[in-house]
Each structure stands twice: as structure tokens, then as C-alpha cells.
Student: 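Let me give you the structure first, and then I'll get to my questions.
Residue numbers begin at 1 in each chain, while the letters A, B, ... track the order of the sequences.
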Protein chains: 2
Amino acid sequence: MSVEEIQKVARLLKALGEFNRLSLVYELCGCKAPKNAMCLCECCSVDASGVSRHLKVLAQEGIVASEKKGREITYSLNREEIAEKLRALADKIENSHE
Amino acid sequence: MSVEEIQKVARLLKALGEFNRLSLVYELCGCKAPKNAMCLCECCSVDASGVSRHLKVLAQEGIVASEKKGREITYSLNREEIAEKLRALADKIENSHE
DNA sequence: GACATATTTGCGCAAATATGCAAATATAGT
DNA sequence: ACTATATTTGCATATTTGCGCAAATATGTC
């Protein structure tokens with residue numbers, strides 16, 4: 001496993017491993033329709049600027065997708081991609097002992 | 001999902017989401033026999049005290065198990081537990097939209 | 001007991017991070 | 001053009017975190 005690959009996985013896990021960000025992910029998790037930041041702000045103990053920054057981190061790691069709709073931006077989870085990456089890690093951890 | 005549950009998952013992901021700690025996990029991943037900290041030190045760009053601290057974090061989150069053997073302590077991955085938690089998260093992310 | 005090896009811990013430091021507030025920006029509606 | 005709403009960004013700050021070094025601790029060997 002290359003350093004770059006490890007760094008990539010570490011960045012994903014770090015992005016998910018912060019309480020307020022993970023709260024945002026769980027919030028998005030439960031809803032079918034995308035939500036905007038104001039709405040997400042309520043599930044999370046930070047103000048709008050904080051939510052904006054957290055969503056930026058999540059977007060950079062490909063955890064959420066954003067779509068601009070007029071003056072608001074709606075966010076949704078990239079469910080399959082994240083699930084796949086987490087399962088790949090789970091498989092590696094469980095099955096890599098030769 | 002309760003705050004405590006989210007915090008618990010966040011702590012697990014945070015523990016895994018640091019480059020040197022994840023490197024240790026991958027190193028342990030590939031070997032069947034448990035390794036001690038001195039040995040693990042080589043795969044990781046930190047000194048023994050750093051490895052000790054990282055292993056402590058991993059142990060606190062139940063990621064590694066330790067066994068004291070004389071003056072050395074050997075570490076091994078709790079493979080099934082971690083894999084199960086990661087898959088549970090993957091399932092939730094993938095399937096929780098009602 | 002003296003010494004070597006393995007690990008932990010205290011300390012200080014530098015970098016990263018999360019946060020709130022206020023200002024800036026963008027855009028919709030009037 | 002003015003106003004309201006949504007989001008981002010700059011700044012300051014407080015906290016956390018990772019790190020190395022040296023000292024302390026634990027244990028095996030002679």
C-alpha cells in the first residue's frame with residue numbers, strides 16, 4: 001500500500017471523524033432530498049460559517065455533492081462511493097493477513 | 001442516532017484517520033503474528049514514544065489488542081470488530097434514506 | 001546488583017483545527 | 001435600487017494534536 005493511498009484513506013476518515021461533520025453526514029443520511037446549509041445548521045452546534053466550512057471539507061473528500069439552486073446550495077451524500085470505500089477498508093482489515 | 005453513538009463512531013474514525021496511526025494499522029493488517037512497538041516503529045516515521053502514544057489511542061478505541069510478553073508488548077488488530085463497525089457505517093450511509 | 005531492552009510519561013513546542021463574529025458576496029423578490 | 005436570505009471568507013482566539021527528547025518505569029539477562 002503506497003503512502004499516497006494511505007494518506008487518501010486517512011483524509012477520508014479524518015473528514016468523517018469529527019463530531020459535527022459526522023452529525024452532518026448522519027443528518028444527510030436520513031433524508032432523501034438534498035438539504036441546504038441553513039437547514040443542516042440546525043442539527044449541528046455550530047453557526048452557519050462553521051457548517052459552511054465543514055461542508056467544504058466533506059465536499060473536498062467527495063463525501064457530499066453540492067448543487068447550486070438559486071441563492072442556496074443543496075447537499076447530498078455520495079452514498080455508494082463512501083460505502084464502497086469503507087467496505088474496502090473493512091475487507092482489507094479483515095482479510096489481509098496472509 | 002444519539003449524540004453518544006455519533007461521538008463513539010467519530011472517535012473510531014478519528015483514531016483511524018491519522019496518517020501514522022493508519023500506517024500502523026495497515027502494517028498490523030498484513031502480518032499474522034502480533035508485533036511489538038519497536039518493530040512497528042520501523043514502518044512509521046515517528047520515534048518509540050510516538051508509536052507508544054499512537055498505539056494507546058488505537059487500543060482505547062478497541063482497534064488493536066495488546067498482550068504483555070515479558071518486557072515487550074505485542075499488538076494485533078481486532079479485525080472483525082473494526083470491519084463490522086466500518087460495514088455498519090457503510091450500510092447506514094448507503095441505506096438510511098427512507 | 002548492574003546492565004540492556006522495551007515501553008511509558010512529562011514537558012515544551014509548533015502546527016493544525018474548530019469556532020464565532022463581522023464583513024463580503026451572491027442571488028431572489030419586491 | 002432596496003431588502004432579505006444564503007453562503008463564504010478574513011480575522012482572532014482557544015483548543016487539540018503530533019512530535020522529539022529526556023527521564024522514568026518495567027522486565028529480562030548476566
Side-chain angles (χ1 to χ4, degrees), chain A residues 3 6-28 31 33-77, chain B residues 3 6-28 31 33-77:
Chain A
V3 172
I6 300 179
Q7 285 174 332
K8 205 172 169 184
V9 177
R11 278 203 310 274
L12 173 73
L13 296 173
K14 176 178 271 186
L16 288 172
E18 198 274 335
F19 175 72
N20 285 315
R21 274 197 298 271
L22 189 59
S23 300
L24 290 171
V25 169
Y26 277 130
E27 179 66 22
L28 284 170
C31 56
K35 283 191 174 180
N36 66 16
M38 286 295 99
C39 183
L40 291 167
C41 201
E42 293 164 12
C43 82
C44 177
S45 62
V46 290
D47 75 343
S49 71
V51 172
S52 172
R53 281 180 244 260
H54 282 316
L55 287 169
K56 186 177 180 180
V57 173
L58 294 173
Q60 278 172 340
E61 293 308 317
I63 296 165
V64 300
S66 61
E67 190 182 359
K68 186 155 188 159
K69 291 182 179 175
R71 76 184 143 188
E72 74 180 6
I73 301 174
T74 59
Y75 293 89
S76 58
L77 277 185
Chain B
V3 170
I6 300 178
Q7 285 174 332
K8 204 172 170 185
V9 177
R11 280 203 309 273
L12 173 73
L13 296 173
K14 177 178 270 185
L16 288 172
E18 198 274 334
F19 175 73
N20 285 315
R21 275 196 299 270
L22 189 59
S23 299
L24 290 171
V25 169
Y26 278 130
E27 179 65 22
L28 284 170
C31 55
K35 284 191 173 178
N36 67 15
M38 286 295 99
C39 182
L40 290 167
C41 202
E42 294 166 10
C43 84
C44 178
S45 60
V46 291
D47 74 344
S49 71
V51 171
S52 172
R53 280 180 244 260
H54 281 315
L55 288 169
K56 186 177 181 182
V57 173
L58 294 173
Q60 278 172 341
E61 293 308 318
I63 296 166
V64 300
S66 61
E67 191 182 357
K68 186 153 188 159
K69 291 182 181 176
R71 77 184 143 190
E72 73 180 6
I73 301 174
T74 58
Y75 293 90
S76 58
L77 276 185

Student: Check every strand shown and say whether B:Lys14 touches a base, only sugar-phosphate, or nothing at a heavy-atom separation below 4.0 Å.
Tutor: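 The answer is sugar-phosphate, as B:Lys14 gets under 4.0 Å only of primed atoms, P, OP1 or OP2.
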Student: Report the distance from atom CZ of A:Arg21 to atom CG of A:Leu55, rounding to the nearest 0.5 Å.
Tutor: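 Rounded to the nearest 0.5 Å, the CZ-CG separation comes to 10.0 Å.
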Student: Answer with base, sugar-phosphate or nothing: what part of the nucleic acid does A:Ala37 contact at a heavy-atom distance below 4.0 Å?
Tutor: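 Contact class for A:Ala37: sugar-phosphate only.
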Student: Can you check the A:Ile73 CD1 to C:dT27 P distance for me, whole Å?
Tutor: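 Atom-to-atom, A:Ile73 to C:dT27, this comes out as 10 Å.
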Student: Between P on D:dC19 and CG on B:Leu55, what's the gap in Å once rounded to a whole number?
Tutor: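 Atom-to-atom, B:Leu55 to D:dC19, this comes out as 12 Å.
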Student: Would you mind telling me which of D:dG10, C:dT7, D:dA22 lies closest to the side-chain atoms of A:Arg53?
Tutor: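 Looking only at heavy atoms from C-beta outward on A:Arg53, the closest nucleotide is D:dG10.
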Student: Which residue in the set B:Val25, B:Leu16, B:Leu22 passes side chain to side chain contact (heavy atoms under 4.5 Å, CB included) when paired with A:Val9?
Tutor: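 Result: among B:Val25, B:Leu16, B:Leu22, B:Leu22 is the only option passing the side chain to side chain contact (heavy atoms under 4.5 Å, CB included) with A:Val9.
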Student: Do A:Glu27 and A:Lys35 sit within salt-bridge range, that is, some charged N less than 4.0 Å from a carboxylate O?
Tutor: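 Salt bridge present between A:Glu27 and A:Lys35.
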Student: Would you mind reading off the distance between B:Glu61 atom CD and D:dT17 atom P, rounded to a whole angstrom?
Tutor: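 Spelled out: CD on B:Glu61 to P on D:dT17 is 11 Å.
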Student: Whole-Å distance between C:dT7 P and B:Glu72 CD?
Tutor: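 Computing the B:Glu72:CD to C:dT7:P distance gives 6 Å.
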Student: I want to check one thing: is the phosphate of D:dT7, taken as OP1 and OP2, less than 4.0 Å away from some side-chain N or O of A:Lys68?
Tutor: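 No, no such contact exists.
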Student: With heavy atoms under 4.0 Å as the rule, sort B:Phe19 into base, sugar-phosphate or nothing.
Tutor: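 Since no nucleic acid heavy atom lies under 4.0 Å of B:Phe19, the category is nothing.
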Student: Looking at C:dC21, D:dT7, C:dA18, which one has an atom nearest to any side-chain atom of A:Asp47?
Tutor: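 The nucleotide sitting nearest to the side chain is C:dC21.
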Student: Grab the NE2-P distance between B:His54 and D:dG20 for me, whole Å please.
Tutor: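 Going from B:His54 (NE2) to D:dG20 (P), I get 8 Å.
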Student: Contact class for A:Ser66 (heavy atom, under 4.0 Å): base, sugar-phosphate, or nothing?
Tutor: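 Result for A:Ser66 = nothing.
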Student: Establish, with yes or no, whether the OP1 or OP2 oxygen of C:dT5 is under 4.0 angstrom from a side-chain nitrogen or oxygen of B:Asn36.
Tutor: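 Negative; the distance criterion is not met.
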Student: Tell me whether the side-chain N/O atoms of A:Ser52 come closer than 4.0 Å to OP1 or OP2 in D:dT8.
Tutor: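 For A:Ser52, the contact criterion (side-chain N or O under 4.0 Å from OP1 or OP2 of D:dT8) is met.
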Student: Locate the shortest heavy-atom distance separating B:Ala15 from B:Ile63; write the atom from each residue and the value.
Tutor: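 Looking at all heavy atoms of both residues, the shortest contact is CB-CD1, 3.8 Å.
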Student: What is the separation between atom CD on B:Gln60 and atom C1' on D:dT17, rounded to the nearest whole Å?
Tutor: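 Spelled out: CD on B:Gln60 to C1' on D:dT17 is 14 Å.
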Student: Using heavy atoms to find the nearest nucleotide of DNA chain C for A:Val46 and A:Lys69 separately, return the residue whose nucleotide is more 5′.
Tutor: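 Mapping each residue to its closest nucleotide by heavy atoms, the 5'-most match is A:Val46.
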Student: How close or far is atom P of D:dT17 from atom CD of A:Glu18, stated in whole angstroms?
Tutor: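 To the nearest whole Å, that distance equals 10 Å.
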Student: Just compare C:dA6, D:dA4, D:dT9 and give me whichever is closest to any side-chain atom of A:Arg71.
Tutor: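 For the A:Arg71 side chain, the nearest candidate turns out to be D:dA4.
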Student: For A:Ser23 and A:Phe19, indicate whether the former's side chain and the latter's backbone hold a donor-acceptor pair under 3.5 Å.
Tutor: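 Such a contact is found between A:Ser23 side chain and A:Phe19 backbone.
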Student: Could you tell me the separation between the CD atom of B:Glu42 and the P atom of C:dT7, rounded to a whole number of Å?
Tutor: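 Distance, rounded to whole Å: 12 Å.
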Student: Tell whether B:Ser49 reaches the base of D:dC19 with its side chain through a donor-acceptor pair below 3.5 angstrom.
Tutor: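 Absent.
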Student: Minimum heavy-atom separation for B:Met38 to B:Ala48, with atom names?
Tutor: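 Looks like CE-CB, 3.3 Å.
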Student: Students often get this wrong, so: under 4.0 angstrom with heavy atoms, is B:Gly50 touching a base, only sugar-phosphate, or nothing?
Tutor: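 Counting heavy atoms under 4.0 Å across all strands, no contact is made by B:Gly50.
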Student: Under 4.0 Å, heavy atoms only, any strand: does A:Ser45 hit a base, just the sugar-phosphate, or nothing?
Tutor: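 Since only primed, P, OP1 and OP2 atoms lie under 4.0 Å of A:Ser45, the category is sugar-phosphate.
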